[in-house]
Structures are given as C-alpha cells and as structure tokens.
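Reviewing the structure listed below.
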2 protein chains.
Amino acid sequence: MPTHLIRKLELFTMLSAEDKQALKAAVSQRIRQLRPKEDIIHEGDEPRHVTLILEGWACRYKYLEDGRRQIMAFLLPGDICDLRMFILTQMDHSISAVSSITLAEIPADMLLDLADNSPRISRALWWTSLVEEAISREWIVNNSRRNATERMAHLLCEIFIRLRAIGLTNGQSCEIPVIQAEFGDALGLSTVHVNRTLQDLRAANLVLLKGKTLTIPDLDSLKAVALFNANYLHLDREGREFDANEA
Amino acid sequence: MPTHLIRKLELFTMLSAEDKQALKAAVSQRIRQLRPKEDIIHEGDEPRHVTLILEGWACRYKYLEDGRRQIMAFLLPGDICDLRMFILTQMDHSISAVSSITLAEIPADMLLDLADNSPRISRALWWTSLVEEAISREWIVNNSRRNATERMAHLLCEIFIRLRAIGLTNGQSCEIPVIQAEFGDALGLSTVHVNRTLQDLRAANLVLLKGKTLTIPDLDSLKAVALFNANYLHLDREGREFDANEA
DNA sequence: CGCTGTTTTGACTTCCCTCAAGCATGGTGG
DNA sequence: CCACCATGCTTGAGGGAAGTCAAAACAGCG
C-alpha cells in the first residue's frame, strides 16, 4: 500500500480512485527489504526497473577517488529512486539504505502504462522530479553559503517539513535514522563538527535529539536561524488545477 | 538558428530534418537581447514561455535574506532556462545574464507541440533536464567536499567540456565571460580566495587566463587535480537507439 | 584622461578540520 | 549474567584553509 507516495502526489494534485488503485497494483508486484548501508543501486549500474521507497530512508551518494564521500540527497518514504532511468542509461551515483528499508520494484513498462493512463499521475510524477531538482539546488546553496549551524538547522527544517508533508511527524517530533557521520557527509562537515554544531543547537533549545527522535520545539525559530524559505519544496498544491474532479 | 541547441540534443540522439526544421521555426518567434546582470526571470515569477539561450551565458542564482548570493548553475548557449514551468508555477530562484545574451522565447504550447510531434525531441529535451539535474548534484559534491583548488579546477573542466560539446571551444581555448566574484558565488568562495586559487592554477601551468580567454594546456592534468569524472555529463550519446534513421 | 569595475596584495582572524583519546550504549557469546 | 566488542557520540588540543577588511594596481571605456 503506497500510502506515502499517494499522500505525496496529492500534495500536487488530487488523484482519482482509479489512479490510486493503479498505483497500488503497480507497487505490490515485487517487494524488497534491505538493511542499513546496503546499496539499492550502484554507480555504473543500468537500472531495469523503478524503485519506490515504502518504508525507511535512503540516500544518494558519491565517492571521490580518494575516499571522500558526499551524500547528495535523502530519500524518504514515497520517494522514487531512479525515475530518470527511462532516459539515462548509466547511474552516475549510488543509492543506499540509511535505515532498514522496504522497497517496491516497479517494472519500467508498468510505470509507463501508469503515466499513459493517467495524466494526473504523469504530471504528479514529473512534479516530484522537479521538486527533487529544486532540493538539489537548495543543497548547493546550503553547503556553499551557510555556516555549520545554519546548515544543520536548514537540513533539519527541510527533513521535518518533508516528513510532515507525508504524515510522518508526530506533533513537533519525528524519527531520524541518520547518524552524525552521515549528517557530515550530507552537509560537507566533519563528524566532530557536526557533533559540536548539534550541541550548539541543543544548547539554544532549537532542537532536541533523543536517540533517533528529533523534536523541534519552535520550528519558526529554527527556520529563522537557518534562513529557511520553504518555497523550493513547492508544497502548496501547485497542480490543483489538474485535480481529479471527484472527492 | 538554434545551432547550439541542435548540436546539444544530438549529443543524445540524432534528429531528423523535420525535427530541426520544427525547432528552427519555434525558435525564430521572438528574440530578446539582454545585457550582463539583467534578469531573465526572477524568483516568484510565473513564467509563461520557455526561454532558450542562443548566444551568451546566464546563471541560476539565489540570495539569502542577508545578502549572501549563490550561483547554482551556469547556462550556456543551447541551454533552456525554465522547462520546468509546465508543472511548477512559481520560480524558486532567479536567472540572470552573465554576458550579453541573445534569447529565444518559445510559447509554451509551441514547445508542447514540438514534443508531441517528435518523440526524439521530447526524449532529448527530457535528457537535457536530467543532465542538468546531474550537474546540480555534482555541484553539491564539488562545493561540499573539494578544496578551493580542486573546486576551481573542476568547474573549469566542466565548463570547457560542456562548451566543447556544443562546438564553442577552439583547440585548448574557450571564452569565459565570468568575473572572479561570480566564480566565488558559484563555488562558495570569497573573491579574494578565488583570485589566489587562480594564481595557484596558473603557477602550476594548469590554466591560462588572458582576459576572457581560458586555455587549458593539458586537460588531463587539470582533470586529475580536480578529481574530475565526466560520467555525470552523460555525453556519450546514450539515446542513440532512438536515432532518426536517416543521416 | 578620469571614472568605474575588476584584479591583486598584505595583514589578521575565524571557522572548521585532524588527530587522538575517552565515554556511552547495546548486542553477542562464553 | 556479565565481559567484551562494535558502533556511535563527545571532548580537547592544535593547525590550516579560507574569510574579512582595506588599500593599491590595473584595466577598459565614454
């Protein structure tokens, strides 16, 4: 049941009952489970199907020749790993599980049918990929122009808001299965500095991290620290003019 | 005459004579000229047409509230500014001219026709947008994990190779209308440090910069310094199976 | 020729990195 | 059931890469 995906697509445009049925069918074909750090797909691979995240987190990453690692995106439940495979042959980066993860593998032709039969699904999928692109661009800004504290705050805001959009927050809290070394790899910071930065944010009462649970007592304050502007997430149902007219 | 665009699309798949004719027609509708630093489109705008760069350079950029600026992409001749407008309503960033620039404005419906009538053009346009996305991701890596020298070297490699792909290099040289402050805004470095970094590269005989002319005496050495891997540019005609069968 | 925008230099500061060690925590097996 | 090890978090000291500020040198161009 691709709850998160449907929830996410409907941030853009309302789907019809048939749309949802079709998605459900496509997604129940083949399910896969992975443990943390296992690769979903590797640089150089030529994917033959599309992978949807049902539960858990993944990340896009790349190694430089000398071993430095950079995470370029976090993929959350409802995110699709490799929509681009229809056009590009070779993966130019890898994707691996961050937490334990449940995936649905959708055969390429099935996804094409899905898009052909529903302009709403097609447009909504396109939307997700444009939003992903916008997130990439924001990460360039974040990792290039913000200092460590702002950077960390910004990432936490983004993650919290993305999780909230798909119903994975609980009041001011959410679960984040990311270790400090991974934050470092995402933010272009050393693990040590991530640690100190988090301490600062905690000391300022901007975030609370207990185990894997993140609590943000006052999101607006955290946004202010991060110079956060949510416009790049395009969450305000910009495709509402295409809504299925039922509901 | 959209020479650079056609040249670029054909890096992916060969177009037919009709394809090219159609592109030519679409592009000659409305031509605009801009001077350096003029905005092509601004954050918050809702674009009503697609803008193609015929001559000159542009850049995507964003300001933080406190005035820090980040360039997230350089757009070269043959690049399209806002293909995404079909789905997203509001621009989440701005685009401005870097050099004097000639643009073609293509009405939205005309572009849709173009794509509908030629699966090759449609796929090739999709390809350009996926490559742009891959470039964004590489910029995240670049600005997060590489030091100033590597970063500068990497950007120069990328630009040189992109220009070469559309026929805008001359042997080991090409024209780069970018001032040091702009390099800084793109690389997340201060202007002063860009200056010193360029001096280092010059001293090592890796690059030659005379006015706006860049010469790279030995591209392989520069790539080595930059830890450059061109796979993310997807320049090896990955769409050749879709070629128009004429030629 | 003088203005404006760009590049270059020098001195000083700071943010973040590296290295290295010390703690927690939790899971495993003797 | 506790000892042990692995993994992740925390702390401290010291260094280095890049930032800031400010002024000088160098274009181009009207």
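Here the structure is a predicted model, which is why all the values come from computation and not from measurement. Here is how names work: the chains are called A, B, and so on, in the same order as the sequence lines, proteins then strands, and each is numbered from 1.
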A/D92/B/R137 salt bridge by N-O under 4.0 Å criterion: yes

Ion pair A/R68/A/D185, N-O distance below 4.0 Å: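 Result for this pair is no, no salt bridge flagged.
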
Quick one: [X] [atom1] to [N] [atom2], roughly how many Å, whole number?
X      : N      : atom1 : atom2 : result
B/L187 : D/dG19 : CG    : C1'   : 15 Å
A/K212 : C/dG26 : NZ    : P     : 11 Å
A/N143 : C/dC16 : CG    : C1'   : 14 Å
B/R69  : D/dG19 : CZ    : P     : 16 Å
A/D200 : C/dC16 : CG    : C1'   : 12 Å
B/L189 : C/dT14 : CG    : P     : 20 Å
A/N147 : C/dT14 : CG    : C1'   : 11 Å
A/R146 : C/dC15 : CZ    : P     : 18 Å

With a non-hydrogen cut-off below 4.0 angstrom, is [X] in contact with a base, only sugar-phosphate, or nothing?
X      : value
B/L198 : nothing
A/G211 : nothing
A/G188 : sugar-phosphate

Side-chain donor-acceptor pair present, B/Q172, B/D218, cut-off under 3.5 Å: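 No, because no side-chain N or O of B/Q172 sits under 3.5 Å from a partner of the opposite role on B/D218.
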
Would you indicate which nucleotide in [options] comes nearest to any side-chain atom of [X]?
X      : options               : result
A/S190 : C/dT7, C/dC16, C/dT18 : C/dT18
B/I179 : D/dG12, C/dT6, D/dA18 : C/dT6
B/A148 : C/dT6, D/dA18, C/dA20 : D/dA18
A/H193 : D/dC21, C/dC17, C/dT7 : C/dC17

Within the structure, does a side-chain N or O atom of [X] lie under 4.0 Å from either OP1 or OP2 of [N]?
X      : N      : answer
A/R202 : D/dT10 : yes
B/Q199 : C/dT9  : yes
B/N195 : C/dT8  : yes
A/Q180 : D/dT7  : no

Criterion side chain to side chain donor-acceptor pair (under 3.5 Å) on A/E175 and A/T213, from CA distance to verdict: CA-CA 5 Å; A/E175 299 297 300; A/T213 305; 2.9 Å; yes

Identified side chain to side chain donor-acceptor pair (under 3.5 Å) counterpart of A/K8 within the set A/D79, A/T3, A/T128: A/D79

